[in-house]
Amino acid sequence: MSDFFEKVYDVVKQIPPGRVTTYGAIAKYLGTTGSARMVGWAMNAAGSHSEFVPAHRVVNRNGLLTGKHHFDTPNAMKELLEAEGFEFEEDQIINFKERFWDPAKELA
DNA sequence: AAGCTGACTATGG
DNA sequence: GCCATAGCCAGCT
């Protein structure tokens, strides 16, 4: 497994409960800015990871649950987030800006 | 081996 | 403000 995946998992696992981040933010933190797709791909492979990865806390830049279909059920992602106190308008996180957690800034 | 695809983002019309 | 285009890079067919 490449280090890239490990790093992605490491960051995602450090996302505080009740907070979310974006693919782009993680990509930037890893120095692979512009390759946000790879972060998404890493999430796709997260299921293969031995430890649990809170992939539901990673959304696109709009706070939209674009990856919901990659969970066991289409509602799993939304329900997990709702359980953490998130509010939604359709599949978009309300107050996303306030919930946003930037690894490059918060984690550093 | 070559081309397509994708859990993204930024930019331009 | 919404639609189209273009970089991005690794895995899959």
Side-chain angles (χ1 to χ4, degrees):
Chain A
M1 189 64 79
S2 64
D3 292 333
F4 178 77
F5 282 38
E6 292 298 327
K7 288 177 182 175
V8 172
Y9 300 148
D10 188 52
V11 173
V12 174
K13 283 188 292 186
Q14 292 184 65
I15 300 173
R19 294 294 191 86
V20 288
T21 192
T22 70
Y23 303 98
I26 294 173
K28 184 179 181 184
Y29 174 74
L30 296 179
T32 56
T33 316
S35 304
R37 291 177 192 247
M38 292 303 93
V39 178
W41 189 252
M43 290 297 96
N44 184 29
S48 303
H49 194 61
S50 53
E51 297 181 56
F52 171 70
V53 180
H56 59 280
R57 295 185 188 143
V58 185
V59 296
N60 76 349
R61 72 168 188 93
N62 293 311
L64 197 60
L65 307 187
T66 53
K68 56 182 293 183
H69 271 152
H70 289 262
F71 284 77
D72 294 334
T73 69
N75 289 339
M77 188 174 190
K78 185 176 178 181
E79 291 181 4
L80 283 168
L81 289 170
E82 286 181 331
E84 295 188 5
F86 290 93
E87 296 177 280
F88 294 90
E89 183 172 321
E90 294 304 313
D91 288 330
Q92 184 172 2
I93 297 174
I94 297 178
N95 296 329
F96 169 67
K97 182 182 175 185
E98 298 171 22
R99 297 286 199 166
F100 179 63
W101 180 83
D102 185 356
K105 199 172 182 179
E106 305 293 332
L107 187 58

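Numbered from 1 within each chain, the chains take letters A, B, ... in sequence-line order.
Legend: side-chain hydrogen bond (donor to acceptor under 3.5 Å, both in side chains) pairs involving residues 75-88 of chain A, not counting sequence neighbours, sorted by first then second residue: A/H56-A/E84, A/R57-A/E84. Counting only residues at least two apart or in different chains, salt bridge (Lys or Arg N to Asp or Glu O under 4.0 Å) contacts with residues 89-101 of chain A comprise A/K68-A/D91.
Scanning residues 95-107 of chain A for heavy-atom distances under 4.0 Å to DNA chain B yields an empty list. Remark: A/G34, A/S35 in residues 11-36 of chain A come within less than 4.0 Å of DNA chain C through at least one heavy atom. Sorted by residue number, the members of residues 61-82 of chain A with any non-hydrogen atom under 4.0 Å from DNA chain B read A/R61, A/T66, A/G67, A/H70, A/F71.
Considering only heavy atoms from C-beta on, A/H49 comes within 4.5 Å of A/E6 through its side chain. The closest side-chain heavy-atom distance from A/V20 to A/L81 is below 4.5 Å. A 4.5 Å side-chain heavy-atom check between A/M38 and A/V8 finds every atom pair outside the cut-off. By the 4.5 Å heavy-atom criterion applied to side chains, A/I94 and A/F86 are not counted as neighbours. Under the 4.5 Å side-chain criterion, counting only non-hydrogen atoms from C-beta, A/T22 is in contact with A/F96.
Nearest nucleotide to the A/A55 side chain, out of B/dT9, C/dG11, B/dA7: B/dA7. Relative to the side chain of A/M38, the nucleotides B/dT9, B/dA7, C/dA10 differ in distance, and C/dA10 lies closest. Proximity note for A/N44 (side chain, C-beta onward) versus C/dG11, B/dA7, B/dT9: the nearest is B/dA7.
Considering CE of A/M77 and CZ of A/F71, their distance stands at 4.5 Å, rounded to 0.5 Å. For the atom pair A/Y9 OH and A/F52 CZ, the distance stands at 13.0 Å (nearest 0.5 Å).
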Please set out all donor-acceptor pairs under 3.5 angstrom arising from side-chain atoms of residues 23-34 of chain A, sequence neighbours excluded.
from  : atom 1 : to    : atom 2 : distance (Å)
A/Y23 : OH     : A/V58 : O      : 3.3
A/T32 : OG1    : A/A27 : O      : 3.2

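Applying the side chain to side chain donor-acceptor pair (under 3.5 Å) criterion to A/K13, with sequence neighbours excluded, gives A/E51. Annotation: side chain to side chain donor-acceptor pair (under 3.5 Å) contacts of A/N44 (sequence neighbours excluded): none. Listed by chain and residue number, nothing satisfies the side chain to side chain contact (heavy atoms under 4.5 Å, CB included) test with A/R61 (two or more places apart in sequence, or in another chain).
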Output a table of nitrogen or oxygen pairs between the protein and nucleotides 2-4 of chain B separated by less than 3.5 Å.
none

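Summarising the geometry, the separation between CG on A/N60 and P on B/dA7 is reported as 11 Å, rounded to the nearest angstrom.
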